[in-house]
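Since the structure comes first, as structure tokens, the remarks are kept for the end.
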Protein chains: 2
Amino acid sequence: MSKLMQRCAEAGLKMTEQRKVILKVLEDSEDHPSVDTVCERAKSVDQSISIATVYRTLSILSELGLVLKHDFGETFARFEVTPDAAHEHHHHLIDTETGEVIEFKNEEMEHLIHKIGEQLGYDIVEHNFELFGHKIKK
Amino acid sequence: MSKLMQRCAEAGLKMTEQRKVILKVLEDSEDHPSVDTVCERAKSVDQSISIATVYRTLSILSELGLVLKHDFGETFARFEVTPDAAHEHHHHLIDTETGEVIEFKNEEMEHLIHKIGEQLGYDIVEHNFELFGHKIKK
DNA sequence: GTATGTGCAAAGACTTTGCTTTGGA
DNA sequence: TCCAAAGCAAAGTCTTTGCACATAC
């Protein structure tokens with residue numbers, strides 16, 4: 001049983017065929033798929049899966065903190081499975097010329113985020129950090 | 001003539017009555033108004049201003065870099081006039097309990113952003129950095 | 001005078017939801 | 001069995017756009 005399925009079971013969710021497929025699609029995705037893309041990938045396994053179910057499933061997973069919802073400056077949302085170890089946390093650099101999303105890690109950032117929260121008297125529960133830029137041409 | 005009007009004139013935009021009102025609304029706003037809010041404030045000066053014009057104006061200003069478009073995790077966009085001096089750049093902390101948006105500055109962040117870009121071989125032209133959290137209760 | 005800008009309403013894009021049926025526990 | 005979940009289609013929300021009229025330069 002996959003980690004995501006396990007977590008869903010713990011949360012009391014019924015493990016329907018559709019959910020199994022969607023969870024597997026998410027776990028197998030190495031990019032940051034949109035709802036449409038998740039749905040397409042799911043449909044290639046089970047044609048009957050509807051986009052409404054994909055929306056509902058992603059919404060639940062997001063509330064459970066099992067997936068992260070991103071806005072990379074487009075008109076729609078993208079998703080990825082939440083990294084479960086602290087050292088797997090990463091941020092995103094979007095190449096403004098190609099649309100490519102590059103993941104990067106930065107320890108300093110992690111520290112800074114909590115330091116800033118402390119200074120302002122806040123418990124930081126979430127954050128967005130995205131860079132937009134283009135390759136430096138030699 | 002306001003700074004924003006000046007910049008618009010330089011960009012070759014016609015200075016219509018509607019634009020004057022919208023520019024003034026933006027310059028006078030100390031928060032991060034949504035399109036609807038900008039439109040309401042503009043209408044209180046000139047009832048005839050339509051939301052389509054507000055959308056079009058904000059879109060132009062955003063392309064010119066004169067306003068910044070933000071996504072604070074809501075379903076709609078918010079805007080603010082772009083700070084024109086480097087030392088006025090700031091980021092945002094959204095109070096998840098009240099929805100309040102707190103601005104803060106952080107020099108370290110500015111450095112880090114460009115350092116990360118350099119390390120990855122990218123010219124960073126834009127970035128999003130938002131924190132979400134709640135007040136620490138004593 | 002002419003190109004740009006505006007208002008209105010319709011269309012578009014993405015997302016949510018009501019209702020009926022299906023199926024997991 | 002029974003309630004959560006799915007499919008479908010309609011509706012909702014935010015944003016963009018086509019068109020006819022208005023207006024800044």
Side-chain angles (χ1 to χ4, degrees), chain A residues 1 4-26 32-43 45-64 66-67 69-79, chain B residues 1-2 4-26 32-40 42-64 66-79:
Chain A
M1 177 145 85
L4 229 38
M5 274 178 61
Q6 201 176 318
R7 298 282 186 78
C8 286
E10 284 163 19
L13 299 180
K14 284 189 183 174
M15 196 42 57
T16 63
E17 279 312 310
Q18 292 91 332
R19 280 196 183 148
K20 280 183 199 164
V21 172
I22 294 169
L23 295 186
K24 179 148 178 34
V25 164
L26 290 171
H32 304 77
S34 65
V35 175
D36 258 352
T37 302
V38 172
C39 193
E40 275 170 33
R41 291 178 189 171
K43 272 185 197 280
V45 177
D46 174 354
Q47 179 61 37
S48 78
I49 292 175
S50 79
I51 191 135
T53 298
V54 177
Y55 269 107
R56 280 191 273 236
T57 304
L58 286 170
S59 169
I60 291 168
L61 296 177
S62 182
E63 270 172 40
L64 292 175
L66 301 179
V67 301
K69 184 177 182 175
H70 293 293
D71 167 29
F72 290 154
E74 294 155 319
T75 61
F76 50 86
R78 291 180 176 273
F79 294 83
Chain B
M1 179 148 85
S2 82
L4 228 40
M5 275 177 62
Q6 202 175 317
R7 298 282 186 78
C8 286
E10 285 163 19
L13 298 179
K14 285 187 184 176
M15 196 41 57
T16 63
E17 280 312 309
Q18 292 90 333
R19 280 194 183 148
K20 281 183 199 163
V21 173
I22 293 169
L23 295 187
K24 180 147 178 35
V25 164
L26 291 171
H32 304 78
S34 65
V35 175
D36 258 352
T37 304
V38 172
C39 192
E40 273 169 33
K43 272 184 196 282
S44 77
V45 177
D46 175 354
Q47 179 61 37
S48 77
I49 292 176
S50 77
I51 192 139
T53 297
V54 177
Y55 270 107
R56 280 190 275 236
T57 303
L58 286 169
S59 168
I60 291 168
L61 295 177
S62 182
E63 272 173 37
L64 292 175
L66 301 180
V67 301
L68 296 174
K69 184 176 181 174
H70 293 293
D71 167 30
F72 291 153
E74 295 156 316
T75 62
F76 51 87
R78 292 179 175 274
F79 294 84

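Each chain gets a letter, A, B and so on, in the order the sequences are listed, and its residues count up from 1.
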Side chain to side chain contact (heavy atoms under 4.5 Å, CB included) between Leu58(A) and Leu26(A), worked out: CA-CA 10 Å; Leu58(A) 286 170; Leu26(A) 290 171; 3.9 Å; yes
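- Summary of helix geometry: the two end axes of the helix from dG1(C)-dC25(D) to dA25(C)-dT1(D), each defined by five base pairs via their C1' atoms, are inclined to each other by 30° (rounded to 10°).
- A salt bridge does not link Lys43(A) with Glu40(A): none of the charged nitrogens is closer than 4.0 Å to a carboxylate oxygen.
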Exercise answer: donor-acceptor pairs, residues 4-15 of chain A side-chain atoms, under 3.5 Å, sequence neighbours excluded:
none

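- Considering only residues two or more places apart in sequence or on other chains, Arg56(A) meets the salt bridge (charged side-chain N to carboxylate O under 4.0 Å, His left out) condition with none of them.
- Between the P atom of dC14(D) and the CZ atom of Arg78(B) lies a distance of 11 Å, rounded to the nearest Å.
- Distance NE2/His70(B) to CZ/Phe79(B): 9.5 Å, rounded to 0.5 Å.
- With sequence neighbours left out, Lys24(B) forms a salt bridge (charged side-chain N to carboxylate O under 4.0 Å, His left out) with Asp28(B).
- Nucleotide dT15(D) holds its P atom 16 Å from the CD1 atom of Ile60(B), rounded to whole Å.
- Interatomic distance, CZ of Arg78(A) versus CG of Asp36(A), reported as 11.0 Å (0.5 Å rounding).
- As rounded to whole Å, 14 Å separates atom P of dT16(D) from atom CD of Glu74(A).
- Tested against Val21(A) for a side-chain contact (heavy atoms from CB on, under 4.5 Å), the candidates Thr16(A), Val45(A), Val38(A) yield a single pass: Val45(A).
- Distance CD (Gln47(B)) to C1' (dT6(C)): 15 Å, rounded to an integer number of Å.
- Val67(A) pairs with exactly one of Leu61(A), Ile60(A), Thr57(A) by the side-chain contact (heavy atoms from CB on, under 4.5 Å) rule, that one being Leu61(A).
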Are any protein N/O atoms closer than 3.5 Å to N/O atoms in nucleotides 21-25 of chain D? If there are, list each pair with its distance.
| unit_1 | atom_1 | unit_2 | atom_2 | d |
| --- | --- | --- | --- | --- |
| dA24(D) | N3 | Lys14(B) | NZ | 3.2 |
| dC25(D) | OP1 | Met15(B) | N | 3.2 |

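- There is a side-chain donor-acceptor pair under 3.5 Å between Thr37(A) and Ser34(A).
- OP1 or OP2 of dG7(C) lies within a sub-4.0 Å distance of a side-chain N or O belonging to Gln18(B).
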Under 4.0 Å protein heavy-atom contacts per nucleotide of nucleotides 12-22 of chain C, with B for base, S for backbone only and - for none: -SSBBBB----
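- Considering every non-hydrogen atom in both Cys39(A) and Ser50(A), the closest pair reads SG-C, 4.1 Å.
- Between dG7(C) and Thr53(B), a contact under 4.0 Å exists linking OP1 or OP2 to a side-chain N or O.
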